[in-house]
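Here the structure is laid out as structure tokens; the discussion comes afterwards.
Computed from a prediction, not measured in an experiment: that's the story for all the values here.
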Amino acid sequence: MSQIAKFVCNCKCVSKAEIIASIRKKGANSFSEVRTITLATTGCGRCKSDVENIVNQEMKKHSVRMMQFKIDFGND
């Protein structure tokens with residue numbers, strides 16, 4: 001099983017790919033929104049730090065992409 005396909009949250013069977021998709025495709029802008037969309041961390045909570053790390057990494061990537069978009073297309 002690839003790293004992205006493994007469950008990060010075993011209680012709710014949420015993979016890293018689902019967490020990333022909640023940000024990229026479903027518009028989550030925070031850990032709380034990812035949690036609401038995916039239900040990750042709503043079981044035992046042991047995965048909270050792992051989910052937070054994935055969210056933080058993805059939000060940094062998303063922020064860089066948005067800055068590039070603004071540079072490419074301007075602020076008009």
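To the nearest 0.5 Å, atoms CD (Q57) and NZ (K16) are separated by 6.0 Å. Rounded to the nearest 0.5 Å, atoms CD1 (I19) and CZ (F7) are 11.0 Å apart. In this structure, the separation between NZ on K25 and CD1 on I20 is 10.5 Å, given to the nearest 0.5 Å.
Checked against side chain to side chain contact (heavy atoms under 4.5 Å, CB included), S30 has the following partners two or more places apart in sequence or in another chain: S32, E33. The side chain to side chain contact (heavy atoms under 4.5 Å, CB included) test applied to I37 returns S22, K26, A28, not counting sequence neighbours.
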Per-pair distances, 0.1 Å, donor-acceptor, side chain in residues 38-49, under 3.5 Å, sequence neighbours excluded:
residue : atom : partner : partner atom : Å
T38     : OG1  : V34     : O            : 2.8
T38     : OG1  : A40     : N            : 3.1
T41     : OG1  : R35     : NE           : 2.8
T42     : OG1  : L39     : O            : 2.5

